[in-house]
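All heavy atoms count here, side chains included; hydrogens, waters and symmetry mates do not.
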Amino acid sequence: MFCILNNMISVQVCLLVVVALVNADVCEVSKTTSCRCETQDTIRDEFVAFTAIATNGNALTNDPIKYDNIVTNVGKGYSSTSGIFRAPTNGIYSLSFSLMGHNTNTIWARLYHNGKEIVRLYTKGETRHEVTSQTVYLKLVKGDEVWVQGTAGKMLWAVEPYNQFSGSLIRSGDFTS
């Protein structure tokens, strides 16, 4: 009887160890520390990421640049038909864009958040092609719009993939305060 009881205790201890190891993996903590899992009611971060490249070398307008070659669009926040990224969830986003105009162009590109200019890029060109880029972190609320707009009448160097617009959700949540 002692052997059966001893084996049952061994099995129970073994099961407890397995449960602890599984919970450690789920909680993303080391197996030697305690697990501090959030409850099932907690909303986990969504993954949002996009990268799009402009392949159209036509003259820019006063509308958002349409980065038509979508490389990644997880979360479906970016629209290549409008050139606008609409935040699918509240959070802190990293957004970047690059600019390369024709070597004869002086060109500006501005990043807008809900119609307000946040940052801008500039290249003068002259006898060479210049590339410039910018990355910003913005607090966005679901539905906020972000886009890039260039100098009307100027042309991007779109023969190669130098002009891109990218973004990703760093952390979801309400960061409005």
Side-chain angles (χ1 to χ4, degrees), residues 23-29 33 35-101 105-123 130-158 161-177:
N23 281 340
D25 285 342
V26 169
C27 293
E28 299 176 354
V29 296
T33 62
C35 179
R36 297 185 191 110
C37 284
E38 297 178 24
T39 65
Q40 293 292 336
D41 297 334
T42 303
I43 298 172
R44 304 237 185 230
D45 282 348
E46 291 183 45
F47 189 72
V48 177
F50 75 96
T51 295
I53 299 167
T55 64
N56 185 346
N58 294 337
L60 297 171
T61 65
N62 286 320
D63 297 319
I65 296 172
K66 292 171 183 70
Y67 298 86
D68 57 316
N69 181 9
I70 296 178
V71 176
T72 303
N73 197 10
V74 177
K76 307 291 185 216
Y78 178 74
S79 167
S80 61
T81 56
S82 69
I84 296 174
F85 170 72
R86 285 183 186 82
T89 188
N90 297 353
I92 302 291
Y93 287 81
S94 173
L95 297 145
S96 64
F97 65 115
S98 60
L99 171 68
M100 181 178 197
N105 278 347
T106 297
I107 188 169
W108 296 86
R110 294 166 171 83
L111 182 78
Y112 287 93
H113 171 213
N114 291 336
K116 178 183 175 194
E117 182 182 330
I118 303 299
V119 293
R120 66 178 79 154
L121 298 176
Y122 169 79
T123 65
E130 294 178 338
V131 178
T132 184
S133 65
Q134 183 82 264
T135 299
V136 297
Y137 299 95
L138 294 178
K139 296 183 284 188
L140 301 181
V141 175
K142 182 178 181 176
D144 276 2
E145 296 182 339
V146 180
W147 68 88
V148 178
Q149 191 170 317
T151 306
K154 301 295 183 172
M155 296 187 311
L156 299 176
W157 181 259
Y162 289 109
N163 295 285
Q164 64 83 28
F165 182 30
S166 295
S168 65
L169 175 66
I170 302 291
R171 178 79 188 244
S172 64
D174 182 10
F175 297 95
T176 55
S177 55

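Here the side chain of Asn90 pairs a donor or acceptor atom with the backbone of Lys142 at under 3.5 angstrom. A donor-acceptor contact shorter than 3.5 Å links the side chain of Asn163 to the backbone of Met100.
Applying the 6.0 Å contact sphere to OH of Tyr112 captures more than 12 heavy atoms from other residues, nucleotides or ligands.
Each of Trp147, Phe165, Tyr78, Tyr93 was compared with Phe85 under the ring pair (Phe, Tyr, Trp, His ring centres under 6.0 Å) criterion, and only Tyr93 meets it. The residue from Leu121, Thr132, Thr123 that alone fulfils the side-chain contact (heavy atoms from CB on, under 4.5 Å) condition with Ile107 is Thr123.
The nearest pair of heavy atoms linking Thr151 to Leu60 is O-CB, 3.5 Å. Contact detail for Ser94 and Thr135: the closest heavy-atom pair is OG-CG2, 3.7 Å. Minimum heavy-atom separation, Asp63 to Gln149: O-CG, 3.5 Å. Considering every non-hydrogen atom in both Pro88 and Gly77, the closest pair reads CD-CA, 4.5 Å. Residues Val119 and Val136 share a closest heavy-atom pair of CG1-CG1, 3.7 Å. Nearest approach of Gly57 to Ala158, heavy atoms of both residues: N-CB, 3.7 Å.
To the nearest 0.5 angstrom, Phe50 atom CZ is 11.5 Å from Leu169 atom CG. Rounding to the nearest 0.5 Å places NZ of Lys76 at 8.0 Å from CD1 of Ile70. Residue Gln164 holds its CD atom at 11.5 Å from CG of Asn69, rounded to the nearest 0.5 Å. Taken from CD1 in Ile170 to CZ in Phe175, the straight-line distance is 10.5 Å, to the nearest 0.5 Å. We find the CD-CG distance between Gln134 and Leu99 to be 11.5 Å, quoted to the nearest 0.5 Å. We find the CG-CG distance between Leu111 and Leu138 to be 6.5 Å, quoted to the nearest 0.5 Å.
Checked by atom type, the side-chain pair Asp144/Asn114 shows a donor-acceptor distance below 3.5 Å. Under the 3.5 Å distance criterion, with hydrogens and angles disregarded, a donor-acceptor pair is assigned to the side chains of Thr51 and Ser166.
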Report task. Just do the side-chain contact (heavy atoms from CB on, under 4.5 Å) check on Phe97 and Ile65 with the steps written out, would you? Result -> CA-CA 11 Å; Phe97 65 115; Ile65 296 172; over 6 Å; no

